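Predicted model, so just to flag it, every value in this text is computed and none were measured. Atoms considered below: every heavy atom in the structure, side chains included; atoms not considered: hydrogens, waters and symmetry mates. Counting convention: from 1, in listed order, for ligands and their atoms alike.
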Amino acid sequence: MNEFGLISHYFGQQPALLPAGHPDSLLPSSSTAPHGNALAGGGSPAAACMPQARNPVLLGIGDDCALLRPLPPGWALAVSSDMLLEGRHFFAGTDPVAIGHKALAVNLSDLAAMGAWPLAFTLALALPAVDPAWLAGFRQGLLALASRAACPLVGGDTTRGPLTISITVMGAVPAGGALRRDGARPGDQLWVSGPLGAAALAVAQRAGGGHASAAAAERLDWPLPRFDVGLQLAGLASAAMDLSDGLAGDLSHLLQASAACCGQPLGARLLAEQLPLADVLAEVEEEQARQHALHGGDDYELLFTAPPHRQAKIQALCPTARMIGQIHAGNGMLLADRFGNAAPVPAKGHDHFA
Ligand code: ADP
Ligand code: MG
């Protein structure tokens with residue numbers, strides 16, 4: 001099979017995109033979507049009545065460029081790329097279905113973290129050889145998630161080389177309503193959208209040569225972008241980001257960006273009792289569990305801040321979210337126990353060049 005045969009065989013035909021609100025869709029049904037609920041081209045009866053309901057893709061795979069319809073007035077285009085390399089982002093021998101899923105999931109997670117609706121994505125793929133079984137699995141995982149996120153593959157590049165998967169996602173976000181990292185202010189509460197540390201446990205177990213516990217492997221290999229949370233937080237959260245490199249490291253980036261924006265140093269006080277440790281962390285000692293939750297990457301939950309008066313509303317909209325601490329003026333991250341004793345938290349998270 002040559003390059004062009006490969007592209008059309010594996011990526012030419014795509015499964016139907018699910019409309020927002022479908023039971024298997026990752027997108028909440030909402031009248032605020034940029035192309036209505038008919039992003040998938042079909043859509044619910046309600047979406048069909050929306051004046052702006054239309055498919056964003058004018059031209060997909062096959063020409064020199066894909067063509068996307070301009071966004072309606074008031075919407076901004078959100079763009080992000082993430083690359084996955086064998087041996088660095090996944091272990092050699094990982095199920096190709098999971099690799100396809102995760103390659104797109106980590107990209108979609110960035111859209112969810114900005115409060116953006118998915119529009120389309122491109123795929124740049126380097127393959128050491130044409131392995132039909134691997135490609136069929138990769139395609140299955142990739143395009144099943146694309147369908148659930150109503151995010152079609154519209155182009156890319158394919159070349160021979162060490163296994164590398166690079167995806168660029170495009171999304172749409174209300175221009176003034178994007179969830180940025182730089183909006184946290186002193187007094188804001190700090191939230192995470194769900195349990196932490198399971199993916200880090202799986203990494204530790206596999207790095208030790210063993211098998212990862214099923215629940216931990218599930219979190220590492222099959223992360224799901226939290227559109228259900230990110231798309232609800234507009235107007236509620238003051239800042240947000242997704243947790244890819246670990247809570248402490250990612251929080252330090254949010255604090256830095258927000259400090260630069262408001263012109264004063266910012267820190268955070270985390271409440272140890274409130275950290276949402278993943279259930280599977282019961283397999284390890286309490287201190288180890290806390291280290292995984294604080295410094296382990298790959299959870300792809302959302303970290304966000306909001307003024308305290310929004311607490312009840314946030315909890316009602318996002319029942320899995322947990323309030324884990326507070327932002328304050330002045331540098332530093334502290335972890336406080338239930339007696340009020342606080343210890344500094346190092347900003348260490350995942351760093352490819354550390
Ligand atoms: P060009 O040489 O003009 O850049 P290519 O020959 O690389 O185009 O690709 C041909 C068509 O196939 C283009 O529309 C491109 O977007 C698409 N394509 C290439 N690789 C992939 C891929 N891995 N996934 C999806 N589409 C792809
Ligand atoms: Mg060309």
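Closest heavy-atom approach to atom 12 (O) of ligand 1 within the set Asp157, Asp64, Ile7: this belongs to Ile7. Residue nearest to atom 11 (C) of ligand 1, selected from Gly12, Gly62, Ser166: Gly62 (by heavy-atom distance).
Between the CD1 atom of Ile167 and the CD1 atom of Ile165 there is a distance of 7.5 Å, given to the nearest 0.5 Å. Summarising the geometry, atom OG belonging to Ser109 is positioned 10.0 Å from atom CG belonging to Asp298; distances are rounded to the nearest 0.5 Å. To the nearest 0.5 Å, atom OG1 of residue Thr164 and atom CE of residue Met83 are 7.0 Å apart.
Below 30°, between 30° and 60°, or above 60°: for Trp222 and His101 the angle between ring planes is between 30° and 60°, a tilted geometry.
A salt bridge is absent between Asp242 and Arg226; no separation between the charged side-chain nitrogens and carboxylate oxygens falls under 4.0 Å. In summary, Arg219 and Glu301 engage in a salt bridge, as defined by a charged side-chain N under 4.0 Å from a carboxylate O.
Of all the atoms in ligand 1, the ones that sit under 4.0 Å from a non-hydrogen atom of Phe4 are 6 (O). With ligand atoms numbered from 1 in the order given, ligand 1 contributes 13 (C), 14 (O) to contacts under 4.0 Å with heavy atoms of Asp63. Taking every heavy atom of Gly155 and a limit of under 4.0 angstrom, the matching atoms of ligand 1 come to 16 (O), 24 (N), 25 (C), 26 (N), 27 (C).
Under a 4.0 Å heavy-atom criterion, Tyr10 is not in contact with ligand 1.
Checking only distances, Phe11 never comes within under 3.5 Å of ligand 1, N or O to N or O.
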